[in-house]
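Just below is one structure, and these are the notes that go with it.
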Amino acid sequence: MKRKMILASSNPNKLREFREILEPLGCEVISQKEAGIDIDPEENGSTFEENSAIKARAVYNIAKCAVIADDSGLEVDALGGEPGVYSARYCGTRDDKAHNDAVLKKLEGVPDSERTARFVAAITYIDDSGRESHFIGKFEGRIGYEERGKNGFGYDPIFMVGDVSSAEMSPEEKNAVSHRGKALRELARFISENH
Ligand code: IMP
């Protein structure tokens with residue numbers, strides 16, 4: 001029998017990514033919506049890990065079955081780690097273009113060597129019995145000088161890895177090195193070793 005787990009998210013792209021990695025391991029991943037759970041807990045943690053745990057615990061407390069949640073964002077060193085946990089709502093907006101313009105403007109005059117940044121993804125997994133595990137993936141790069149590329153989403157057009165932005169990578173190329181790809185593969189290894 002397949003092991004059922006709920007993904008504490010309604011984002012269809014995340015659901016697809018988690019299914020691709022976990023279904024071959026005999027897991028059935030269903031969305032929070034498919035599980036009939038209509039909650040949107042306040043993500044008021046100060047780290048990605050805390051926020052993913054807040055989402056996972058909220059769903060586990062209702063469903064009492066295995067739950068996965070993730071939280072992610074961009075840390076820019078020259079901005080003291082901003083946008084960080086505010087990545088999705090940076091500068092009071094949810095508009096990706098406005099986020100990218102804001103980061104580029106704040107980094108005007110900052111030399112290449114100080115434009116280092118990373119994407120971070122935190123995943124919380126709570127098993128049927130309530131045991132909690134955390135997985136973190138990081139993707140190092142630097143902030144460019146203009147938007148480049150049409151793939152991906154969010155901050156991808158300004159996130160440079162060598163000479164290309166992560167919006168110029170194919171989904172497969174990005175998954176192989178990305179924060180979420182790394183955290184997801186850690187989760188997959190944990191599940192295959194612990195069930
Ligand atoms: P959440 O994990 O759904 O809360 O999203 C966090 C935010 O971080 C997204 O809205 C994006 O702005 C940003 N982000 C997270 N991962 C990526 C990525 O792989 N590329 C570009 N932006 C990302």
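Heavy-atom basis, side chains included; hydrogens, waters and symmetry copies ignored. Read the numbers this way: they start at 1 and go in the same order the structure lists the ligands and their atoms. Not measured: the values here are computed from a predicted model.
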Problem set entry | Tyr155, any N or O under 3.5 Å of ligand 1 N or O | yes

Problem set entry | Protein heavy atom at shortest distance from atom 3 (O) of ligand 1 | Lys14 NZ, 2.8 Å

Problem set entry | Numbered atoms of ligand 1 (with element) below 4.0 Å of Ser87, judged on heavy atoms | 7 (C), 8 (O), 12 (O)

For this session: Decide whether the shortest distance between a heavy atom of Gly73 and an atom of ligand 1 is less than 4.0 Å.
Result: yes

Problem set entry | salt_bridge(Lys14, Glu17) N-O dist < 4.0 Å | no

Problem set entry | Protein contact of atom 20 (N) of ligand 1 - nearest heavy atom, named by residue and atom, plus distance | Asp156 OD1, 3.0 Å

For this session: Measure Phe159 to ligand 1 on non-hydrogen atoms and call it side chain, backbone, both or neither using the 4.0 Å cut-off.
Result: neither

Seminar exercise, completed: Here the atoms of ligand 1 under 4.0 Å from any heavy atom belonging to Gly154 are 21 (C), 22 (N)

Problem set entry | Distance from atom 19 (O) of ligand 1 to nearest protein heavy atom, with residue and atom | Lys174 NZ, 2.7 Å

Seminar exercise, completed: min-distance protein heavy atom vs atom 14 (N) of ligand 1 -> Phe153 CE1, 3.9 Å

Seminar exercise, completed: protein heavy-atom neighbour closest to atom 6 (C) of ligand 1 works out as Ser72 O, 2.9 Å

Problem set entry | Donor-acceptor side-chain pairing of Ser166 and Asp156 below 3.5 angstrom | yes

For this session: Run the salt-bridge test on Glu186 and Lys182 with the 4.0 Å N-O cut-off and return the result as yes or no.
Result: no

Seminar exercise, completed: Heavy-atom closest pair (Ala121 atom, Ala183 atom, distance to 0.1 Å) is O-CB, 4.0 Å

Exercise. Is any NZ, NE, NH1 or NH2 atom of the basic residue among Glu147 and Lys97 found under 4.0 Å from an Asp or Glu carboxylate oxygen of the other?
Worked result: yes

Exercise. What atoms of ligand 1 come within less than 4.0 Å of a heavy atom belonging to His179?
Worked result: 16 (N), 17 (C), 18 (C), 19 (O)

For this session: Classify the angle between the aromatic ring planes of Phe159 and Phe119 as parallel (below 30°), tilted (30 to 60°) or perpendicular (above 60°).
Result: tilted

Problem set entry | Sub-3.5 Å N/O-N/O distance, Lys55 and ligand 1 | no

Exercise. At what distance is the nearest protein heavy atom to atom 4 (O) of ligand 1, and which residue and atom is it?
Worked result: Asp71 OD1, 3.3 Å

For this session: Please report the shortest heavy-atom distance between Ile39 and Gln32, naming the atom on each side.
Result: O-NE2, 2.8 Å

For this session: Return the minimal non-hydrogen interatomic distance between Val110 and Tyr145, and the atom names on each side.
Result: O-OH, 4.1 Å

Problem set entry | Lys150 atom NZ: more than 12 heavy-atom contacts under 6.0 Å | no

